[in-house]
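Written below as structure tokens is the structure these notes are about.
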Amino acid sequence: MTEVKQGRGRVPQGLILGIESSCDETAAAVVRGGRETLSNVVASQIALHARFGGVVPELASREHLRAVVPVVEAAMAEAGVAFADLDAVAVTEGPGLPGALLVGVSYAKALAFGLGKPLIAVNHLEGHIHAVLLEVLAARADAQIPHKPTSGLYPPHEQGPVRGGPGNGAPGEPFEAGQTILALVVSGGHTHLYLAQEQNGAWHYRNVGRTVDDAAGEAFDKVAKLLGLGYPGGPWLDALAPFGDAGAVPFSFAQIKAKAHRRGEAGALDPKEATYFSFSGIKTAVLRYTQVHGMEERIAQRRAALAAMPGASPKRDLELVRALCDQETLDLIASFQRAVVEDLRRKTFQTAERFGAASVLVSGGVAANRELREHFTAEARAQGLPIAFPSLKLSTDNAAMIAAAAWPKLVTGKFADERLTADAALKLGV
Amino acid sequence: MRVLGVDTCGPEGSVALAEVNEQGVMVLQARHLAGRTYSEDLMPAIREMLEAAGVAVGDLGAIVVVRGPGSFTGVRVGLSTAKGLAQAAGLPVIGVSRLQVLAQKAGSRAAVLDAGRGEMYFGLADDEAGEALLRPAEIRERAPEYEIACCETKAAQALTGVRVVDAPEAEDALRFAQGRILNRDFDDLSAMDAHYLRRSEAELVAERRGQ
């Protein structure tokens, strides 16, 4: 099974087709050598789930089955490569929604077998980390080509790798092999801290932090929902927060310690070293604030107004939706976002210091949040730590990150068995 | 023409490889699959079967896949696998209804499959478009005098006048699809979808709330 079959006389180029179906995006991408994105196609199901206020697993699975063939066709056509040119097929094996994952896994196994190509299983969380590394490598490759300016790679709002002050000019590029990178993966489903390191071509991970309840992105979605705003909530709060006073409502985060009975569990973090997040309390605090301040009626009106604007987007309809929010609501939004961003920033950089990380990367849907990017970038600069975020396109779920994470596995010959199945609760690292 | 058949809709699944021509369907290889582990077992079973017959994926003339009704997850594992194989090798596909395969296997004019929650998937032979999710009483209204094929004791107990046969398998699906295979009446690979007959719980709840 692990024997790599290559076409006669064909020179391997490191071309990997990545497939991702762990949640509500069906995605396929072709990436060369873990650094050159030839195509990156994402079929989003946001509109399908919006009327339910969240992802409905059965509907997501159904949509993946409908989308997988056209999405892969589009990715191949956009990349301008034939199936025969591929060196491997990579697929997300977990974590995620089991039924959704199974579509991608079953399809990818059959495609790889039918093509006589090796199959590579990728952890979705590792994918998010490689979304950033992919762009760091791509930017570095571009920097070596004198006529191609790197500045055009990332528009100002889509910040690419940023170097901290004193880190500039230090020996060795940031994110080089052997360095310890602290990665914050923060999305609607995850809030994890990992130490990541490349050794002899393979990547190794150690989980050093996680949420004990809701993911940070989940808190954004839930708070947006309880304020009568649209789904997904993150982009709405991000867009509305600048109009409010972030100091208006003081939110606090309790110190979280691992429960004693959890410490003995397999996969439990070392309580002395672990960082814990908790975002369910702040959601309840926001709810209580709206009740104490009699905001229910305004929320109901806003919800009704937005229900009459299906497909409203924070980019296009910001002024309309802002007009639906009174100052008290805008202040609450700004204060909530500030509290979450500051909690993430403080704990992430404390963890980086504790483990002597050489650099920090942030990935996942919440990495698209502008206030988070600003605060993390400022802190990194102050500490002289290189920091990198993915472009907006690679912040949310995509398959380019899956194909990129598969590249080191292709190089080191880590292929999946034909009995591969979805692992909804798959963990990353030790 | 060598044709691969896949059925992972029911509590047990199967795959079959057959030579399909004007004379009929000659089964070359078949494998049974235990339920609940289709995602692990399906690809190895197909590989073993093709190897045993000395047939490469590219040698196949078509893939016949049972699109449901049945276990939502099982249906999707079978269809996703068929789609991946077909796309890799540029093979034509035919999707069939398990109710139609069952009716033909039993030689009955109608068929039912247990759908759980006191409901059944019901279909008249040669009328896939009219298949529906019904209660036993509704089925008898729709087919008062027909002999109805079924393959589950639960369904047999809930209805009278049924003919109980063995569960349809992948090779039965190949026999059912023989005419379409020979006429090259294939489905569009991109558009081929599962035949659920039951909507998702979320949609039903939303409908009840009048959304």
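All of these numbers come straight from a predicted model, not from anything done at the bench. Letters A, B, ... are given to chains in the order of the sequence lines, protein chains preceding strands, and every chain is numbered from 1.
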| query | Rounded to the nearest 0.5 Å, what separation is found between the CG atom of B:L99 and the OG atom of B:S108? | reply | 12.0 Å
Donor-acceptor pairs under 3.5 angstrom involving side-chain atoms of residues 96-112 of chain A: please list them, not counting sequence neighbours.
{"from": "A:S106", "atom 1": "OG", "to": "A:L102", "atom 2": "O", "distance (Å)": "2.8"}
{"from": "A:Y107", "atom 1": "OH", "to": "B:Q87", "atom 2": "OE1", "distance (Å)": "2.2"}
{"from": "A:K109", "atom 1": "NZ", "to": "A:E418", "atom 2": "O", "distance (Å)": "2.9"}
{"from": "A:K109", "atom 1": "NZ", "to": "A:L420", "atom 2": "O", "distance (Å)": "2.7"}
{"from": "A:K109", "atom 1": "NZ", "to": "B:S39", "atom 2": "O", "distance (Å)": "2.5"}

| Note: B:D41-B:R31 ion pair, threshold 4.0 Å (strictly below) | no
For residues 167-177 of chain B, please give each side-chain donor-acceptor pair under 3.5 Å, one per line with the distance, not counting sequence neighbours.
{"from": "B:E171", "atom 1": "OE2", "to": "B:R175", "atom 2": "NH2", "distance (Å)": "3.0"}
{"from": "B:D172", "atom 1": "OD1", "to": "B:R175", "atom 2": "NH1", "distance (Å)": "3.1"}
{"from": "B:D172", "atom 1": "OD2", "to": "B:K105", "atom 2": "NZ", "distance (Å)": "3.1"}
{"from": "B:D172", "atom 1": "OD2", "to": "B:E169", "atom 2": "N", "distance (Å)": "2.8"}

| query | chain A heavy atoms under 4.5 Å from B:E203: which part of the residue, side chain, backbone, both or neither? | reply | both
| field | Structural part of B:L50 lying under 4.5 Å from a heavy atom of chain A | value | side chain
| Of all of A:P70, A:A67, A:P57, which one pairs up most often with chain B through heavy atoms under 4.5 Å apart? | A:P70
| field | Proximity breakdown for B:Y196 and chain A, heavy-atom pairs closer than 4.5 Å | value | side chain
| note | Okay, B:T81 and chain A: the region with an atom under 4.5 Å from a heavy atom over there is both
| said: I'd like to verify something: which residue of B:S200, B:A202, B:P44 has the highest number of heavy-atom pairs under 4.5 Å with chain A? | reply: B:P44
| query | Hey, are the side chains of B:L159 and B:I139 touching, using non-hydrogen atoms and a 4.5 Å cut-off? | reply | yes
